[in-house]
Trainee: 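One structure is given below, represented as structure tokens, and several questions about it will come after.
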Amino acid sequence: MKTRILLVEDDERLADLTAEYLRKNDFEVAIESRGDAAETRILNDDPELVILDVMLPGKDGFEVCRAIRARYQGVILMLTARDEDLDQILGLELGADDYIAKPVQPRLLLARIKALLRRLPGTAGESADPGEATQLAFGNFSISQTTRNTRLGDQTIDLTTAEFDLLWLLARHAGRILSRDDLLLKLRGIGFDGLDRSIDARISRLRRKLGDDPENPVRIKTVRGKGYLFSKHDWQ
């Protein structure tokens, strides 16, 4: 079966051109032009991926993302205005898995979609190296690459696709500092340009979900000028 995408975009010409390009690349694409209708449609249709523009009539993309994130387990890729860093950060803070700046470059959009979909449960994804652990545990915290489940004590932690990928990468290198460049290269295939705040935004969300004090984090530590470190301890 073809992967289903819902494109939420009010620019009719852009929506039609984008949908046509994705359909030629073997995706099933539906279009929704209003934000206030998108929320219900996403939850009812449950597509594998949503391409969500920020500027929409009825309800903006941020409101839609905030409303559906806890109930929608698929991928959210936000379309943001070029150079609008605040839009990108806010979208990630609200649970978007990634963002792409407008005007949209079709080949870049397709590559980003394929990369995101590879990480969905039940897809081929990134295979583990021979002998590499697929489940990790630190105190009362556990994370499984196979099932993509994360638990803290007796609670399951709900994570977006992008949040899980980042947390798994950090946990797999527990006790080692990973720079933003390391993380971006592994997760998105691009280096850190000094401006991208996607990693910082996801770290902030992960800390909240893992009960880590944002003012004095001990589970995912910030090492000033170097990057982030996942602690092997402090999980009791």
Trainee: Please examine the side chains of R148 and T161, heavy atoms only from C-beta on, and report whether any two atoms are closer than 4.5 Å.
Mentor: yes
Trainee: Supply the atom-to-atom distance L109 CG to I100 CD1, rounded to the nearest 0.5 angstrom.
Mentor: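 Rounded to the nearest 0.5 Å, the CG-CD1 separation comes out at 5.0 Å.
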Trainee: To the closest 0.5 Å, what do you measure between CG (L94) and CE (M78)?
Mentor: 7.5 Å
Trainee: Quick one: does any side-chain atom of R69 pair with a main-chain N or O of G95 as donor and acceptor, under 3.5 Å?
Mentor: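 Between the backbone of G95 and the side chain of R69 there is a qualifying donor-acceptor contact (under 3.5 Å).
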Trainee: Which distance, rounded to the nearest 0.5 Å, do you find between the CD of Q73 and the CG of D46?
Mentor: 8.5 Å
Trainee: Applying the 4.5 Å side-chain criterion to the ILVMFWY set and letting contacts propagate, would L17 and L56 be lumped into a single cluster?
Mentor: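 No: no chain of side-chain contacts under 4.5 Å links L17 to L56.
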Trainee: When you compare the side chain of L6 with that of R41, does any pair of heavy atoms fall below 4.5 Å?
Mentor: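 Yes, at least one pair of side-chain atoms sits under 4.5 Å.
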Trainee: Taking only residues two or more places apart in sequence or in another chain, which ones pass side chain to side chain donor-acceptor pair (under 3.5 Å) with K209?
Mentor: E163
Trainee: Identify, with sequence neighbours excluded, every residue that meets side chain to side chain donor-acceptor pair (under 3.5 Å) alongside D53.
Mentor: K102
Trainee: Can you list, pair by pair, the side-chain donor-acceptor contacts under 3.5 Å of residues 211-223, counting residues two or more places apart and other chains?
Mentor:
residue	atom	partner	partner atom	Å
D212	OD1	V218	N	2.9
D212	OD1	R219	N	3.2
D212	OD2	R219	N	3.0
D212	OD2	I220	N	2.9
D213	OD1	E215	N	3.0
R219	NE	D234	O	2.8
R219	NH1	L210	O	2.5
T222	OG1	R207	NH2	2.7

Trainee: Transitive ILVMFWY cluster of L14 at side-chain heavy atoms under 4.5 Å: who else is in it?
Mentor: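 Result for L14 is none, singleton.
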Trainee: State the CG-OG1 distance between N25 and T3, to the nearest 0.5 angstrom.
Mentor: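 Those atoms lie 12.0 Å apart.
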Trainee: Could you tell me if the side chain of D165 sits less than 4.5 Å from the side chain of L167, heavy atoms only?
Mentor: no
Trainee: State, yes or no, whether a side-chain contact exists between T18 and V29 at a heavy-atom distance under 4.5 Å.
Mentor: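 When only atoms from C-beta onward are counted, V29 and T18 do not touch, as no gap falls below 4.5 Å.
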Trainee: Can you name the closest pair of heavy atoms from C65 and I76 and give their distance?
Mentor: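 Distance-wise, the nearest heavy atoms are SG-CD1, 4.1 Å.
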Trainee: In Å and rounded to the nearest 0.5 Å, what is the NZ to CD distance from K59 to E39?
Mentor: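 Rounded to the nearest 0.5 Å, the NZ-CD separation comes to 4.0 Å.
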Trainee: Less than 3.5 Å apart, any donor N or O on the side chain of D16 or Y21 sitting next to an acceptor on the other?
Mentor: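 Short answer, no.
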Trainee: Could I get the full list of salt bridge (charged side-chain N to carboxylate O under 4.0 Å, His left out) partners for R151, not counting sequence neighbours?
Mentor: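 Salt bridge (charged side-chain N to carboxylate O under 4.0 Å, His left out) check on R151 returns nothing, list empty.
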Trainee: Quick check: is L43 connected to V50 through a chain of hydrophobic side chains (ILVMFWY, heavy atoms under 4.5 Å apart)?
Mentor: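 Same cluster.
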Trainee: A side-chain contact here means heavy atoms from C-beta on lying under 4.5 Å apart; do L187 and W168 qualify?
Mentor: no
Trainee: Measure across I113 and L22 and return the closest heavy-atom pair with its distance rounded to 0.1 Å.
Mentor: CD1-CD2, 3.8 Å
Trainee: Who pairs with R4 by salt bridge (charged side-chain N to carboxylate O under 4.0 Å, His left out), at least two apart in sequence or on another chain?
Mentor: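 In terms of salt bridge (charged side-chain N to carboxylate O under 4.0 Å, His left out), with neighbours along the sequence ignored, R4 is linked to E48.
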Trainee: What residues form a salt bridge (charged side-chain N to carboxylate O under 4.0 Å, His left out) with D10, not counting sequence neighbours?
Mentor: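 D10: no salt bridge (charged side-chain N to carboxylate O under 4.0 Å, His left out) contacts found.
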Trainee: Going by the ring-ring contact (aromatic ring centres under 6.0 Å, His included) test, which pairs reach into residues 134-154, not counting sequence neighbours?
Mentor: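 Of all non-adjacent pairs touching residues 134-154, those that pass ring-ring contact (aromatic ring centres under 6.0 Å, His included) are F138-F230, F141-F230, F141-W235.
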Trainee: Which distance, rounded to the nearest 0.5 Å, do you find between the CD1 of I51 and the CG of L7?
Mentor: 5.0 Å
Trainee: Applying side chain to side chain contact (heavy atoms under 4.5 Å, CB included), name anything that partners S144, two or more places apart in sequence or on another chain.
Mentor: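 Side chain to side chain contact (heavy atoms under 4.5 Å, CB included) list for S144, sorted by chain: Q135, T146, T147.
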Trainee: Restricting to non-hydrogen atoms, name the atom on A19 and the atom on I31 that form the minimum distance, rounded to 0.1 Å.
Mentor: CB-CD1, 3.8 Å
Trainee: Who passes side chain to side chain contact (heavy atoms under 4.5 Å, CB included) against Q155, sequence neighbours left out?
Mentor: none
Trainee: When you measure from the side chain of R180 to the backbone of Y228, do you find a donor-acceptor pair of N or O atoms at a distance under 3.5 Å?
Mentor: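 No, because the side chain of R180 does not come within donor-acceptor range (under 3.5 Å) of the backbone of Y228.
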Trainee: Do I199 and L229 belong to the same hydrophobic cluster, where Ile, Leu, Val, Met, Phe, Trp and Tyr are linked whenever their side-chain heavy atoms lie under 4.5 Å apart, directly or via other members?
Mentor: no
Trainee: Between V64 and A38, what is the shortest heavy-atom contact and its length?
Mentor: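 Smallest interatomic distance, heavy atoms only, reads CG1-CB, 4.4 Å.
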Trainee: Could you tell me whether a side-chain N or O of D60 sits under 3.5 Å from a main-chain N or O of F62, the two making a donor and an acceptor?
Mentor: yes
Trainee: Please identify each residue that fulfils side chain to side chain contact (heavy atoms under 4.5 Å, CB included) with D98, with sequence neighbours left out.
Mentor: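 Applying side chain to side chain contact (heavy atoms under 4.5 Å, CB included) to D98 gives L77, R112, L116, R188, R202.
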Trainee: Are D182 and I177 side-chain neighbours, meaning at least one heavy-atom pair lies under 4.5 Å?
Mentor: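 Contact flag for D182/I177 side chains = no.
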Trainee: A side-chain contact here means heavy atoms from C-beta on lying under 4.5 Å apart; do L166 and L206 qualify?
Mentor: yes
Trainee: Please identify each residue that fulfils salt bridge (charged side-chain N to carboxylate O under 4.0 Å, His left out) with R34, with sequence neighbours left out.
Mentor: D36
Trainee: Closer than 3.5 angstrom, by distance alone: can the side chain of R71 be matched with the main-chain N or O of A67 as a donor-acceptor pair?
Mentor: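 Yes, because the side chain of R71 sits within donor-acceptor range (under 3.5 Å) of the backbone of A67.
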Trainee: For a 4.5 angstrom cut-off between non-hydrogen side-chain atoms, does L49 reach L117?
Mentor: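 Of all side-chain heavy-atom pairs linking L117 with L49, at least one is under 4.5 Å.
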